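Here's the structure, in structure tokens; my notes come after.
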Amino acid sequence: MVNLLQPEFQPVRKSTWRILAAALIIAAGACYVVGIESVEFTNAKATKRDFIEYWAIGQQLVHHANPYDLPAIVQLEKNAGLGKHQPRISFSPPTAFVLMLPLGLTSPKTGLIAWSLILIGCLSVAIWLLWRLNGRPASRIHLFGYLFAPAIACMMSGQLSIFLLLGVVVFLSFHRSHPLMAGAALLPCALKPHLFLVVACVLLVWSVYRRNFRVLFGFMTALLASCAVTLIFDVHVWRQYFAMMSELGVLQMFIPTFGDALRFLIDRNATVLQFVPLMLGTGWGLWYFWTRRDRWSWTSEGLLLLLVSDACAPYGAFTDECILLPLVLVGLYRAAESKRSSIPLMLANGAALIELFAHVNIISPYYLWSVPAWLAWYFYAGRKVERRSKYPVSQTESQIGPIHD
């Protein structure tokens, strides 16, 4: 009996040990890289990354001060060694400030080292989950995630968009089997809700249509808990947030998105034009869902919806495009299955890396081409061949049962 069962369990053991070994190698590599860089890390160098704005928020909250107090934020950054550099201010709402609270207990240097390790860990978990979601192929295609230009930009600047990527991937992986956890995992997305407005509308309609609100309940529970913790440290945080947004006039700034480009081409004072792509994208998203409502799958149709939601956002930056890694990887798997060349993706990603390492500002109009490039890659790679793909995106779902989401 034992001998008969042994072959059945042997691959599982091998697979488990391979995953553990890969995780240890990645962890060791991450610690090595961060360890080497930490020798050169100083408080002053931390002020040159987006991380410093999150550290300043944590410092303010821990001391029960206003996290949107611009003079106080600037002074904190100057005390850390800002010098003549431009201070960095966060426009994120106080929906998930619990992620930044621990930074209030560290120095800029220590916080940056810990933050960098956490970001590497989150990216690694997201890539591993995407590998599982795509059927655990024997290839190493998923390692492209470590070379994806927006993800590298996040690592270089200490941007929190990596948390958004992990939240999206956890949702895609577990929205059927563990909907409460999948919903709660979307909490970091509340820090940049403008990127997910189209997805949020469709998610709400999807939940109503299926009469299943567990994903939304999981998200709302996590959101309320996060807000409650923040209010313990600053009861006036929401009033302070709206006051800051009004004072800075964020919507009047030029942030290179298609909506902003439209506004500046027609009338830079007509801020309503900035939301035209969002309105069109939302309308398209609802139509796209409704025409596929009986066979909707977040791991196939939902990926295109995610890209449209990001493209239609009223404001954003190149680093935010790391949330599109699931779509880009799906394209790689399908290109491998259909024997299509991956050169177009490598050229696009290479061009983005050249801009990145040439220190082109991540909110520069020179990155406007990137989202259309990821979209073109997705369609080129063969979105229509998913049902006969060797690495189906929805394999995890098909093991559970028929897909009707």
Side-chain angles (χ1 to χ4, degrees), residues 123 125-137 139 141-142 144-145 148 164-186 188-189 195-196 198-207 209-210 212 214-216 218-219 285-286 288-311 321-338 374-375 377-405:
L123 178 61
V125 172
I127 291 172
W128 176 69
L129 286 174
L130 286 171
W131 170 74
R132 290 180 69 251
L133 199 58
N134 283 277
R136 304 169 186 253
S139 67
I141 289 176
H142 57 283
F144 172 80
F148 190 41
L164 279 61
L165 168 65
L166 180 59
V168 168
V169 174
V170 170
F171 167 76
L172 293 174
S173 300
F174 300 107
H175 69 279
R176 286 177 61 87
S177 57
H178 300 86
L180 291 176
M181 181 184 73
L186 293 175
C189 299
L195 299 176
F196 302 96
V198 176
V199 173
C201 290
V202 173
L203 180 62
L204 177 61
V205 175
W206 172 77
S207 299
Y209 178 74
R210 296 193 62 188
N212 188 336
R214 286 178 292 176
V215 170
L216 291 180
F219 171 72
L286 292 173
Y288 185 64
F289 164 75
W290 195 251
T291 56
R292 296 160 176 79
R293 61 189 181 277
D294 292 326
R295 54 184 175 86
W296 180 265
S297 172
W298 284 104
T299 52
S300 53
E301 289 89 356
L303 297 182
L304 182 58
L305 187 73
L306 180 65
L307 185 141
V308 171
S309 187
D310 179 80
E321 295 173 24
C322 74
I323 65 174
L324 303 180
L325 179 59
L327 176 138
V328 173
L329 276 182
V330 164
L332 270 174
Y333 282 118
R334 291 174 180 168
E337 168 62 17
S338 58
W374 312 137
L375 176 64
W377 160 251
Y378 183 60
F379 281 109
Y380 161 80
R383 187 168 65 93
K384 297 296 183 182
V385 301
E386 63 176 288
R387 290 189 178 179
R388 58 178 183 269
S389 174
K390 184 179 178 181
Y391 309 123
V393 177
S394 55
Q395 178 168 334
T396 302
E397 293 185 341
S398 63
Q399 292 172 350
I400 299 173
I403 299 174
H404 296 295
D405 43 317

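No experiment lies behind these values; they were computed from the predicted model shown.
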Residues in side chain to side chain contact (heavy atoms under 4.5 Å, CB included) contact with [X], at least two apart in sequence or another chain:
X	result
Phe148	Phe144, Pro150, Ala151, Leu325, Val328, Asn349, Trp374
Leu375	Leu304, Leu307, Phe379
Pro326	Leu130, Leu165, Val169, Leu172, Leu303
Ala335	Arg340, Trp377, Ala381

Hey, are the side chains of [X] and [Y] touching, using non-hydrogen atoms and a 4.5 Å cut-off?
X	Y	answer
Tyr378	Arg334	yes
Leu216	Trp206	no
Leu166	Pro188	no
Phe196	Leu164	yes
Cys201	Phe289	no

When the ring centroid of Tyr288 is compared with that of Trp296, is the distance short of 6.0 Å?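 Centroid separation for Tyr288 and Trp296: below 6.0 Å.
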Which pair of heavy atoms, one from Val170 and one from Ala185, lies closest together, and at what distance?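 For Val170 and Ala185, the tightest heavy-atom pair comes out as CG1-CB, 3.4 Å.
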Atom of Cys189, atom of Val168 and distance for their closest heavy-atom approach: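 Smallest interatomic distance, heavy atoms only, reads SG-CG2, 4.2 Å.
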[atom2] on [Y] to [atom1] on [X], rounded to 0.5 Å:
X	Y	atom1	atom2	result
Arg176	Arg214	CZ	CZ	10.0 Å
Tyr209	Arg293	OH	CZ	5.0 Å
Ser139	Leu332	OG	CG	9.0 Å
Ser207	Leu203	OG	CG	4.5 Å
Asp294	Arg210	CG	CZ	10.5 Å
Asn212	His175	CG	NE2	10.5 Å

Test side chain to side chain contact (heavy atoms under 4.5 Å, CB included) applied to Leu327 and Leu306, step by step: CA-CA 9 Å; Leu327 176 138; Leu306 180 65; over 6 Å; no
Students often mix this up, so state it plainly: with edges at 30° and 60°, are the rings of Trp131 and His142 parallel, tilted or perpendicular?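 Tilted, since the angle between the ring planes falls between 30° and 60°.
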Short side-chain to backbone donor-acceptor contact, Arg132 and Leu129, under 3.5 Å: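 Absent.
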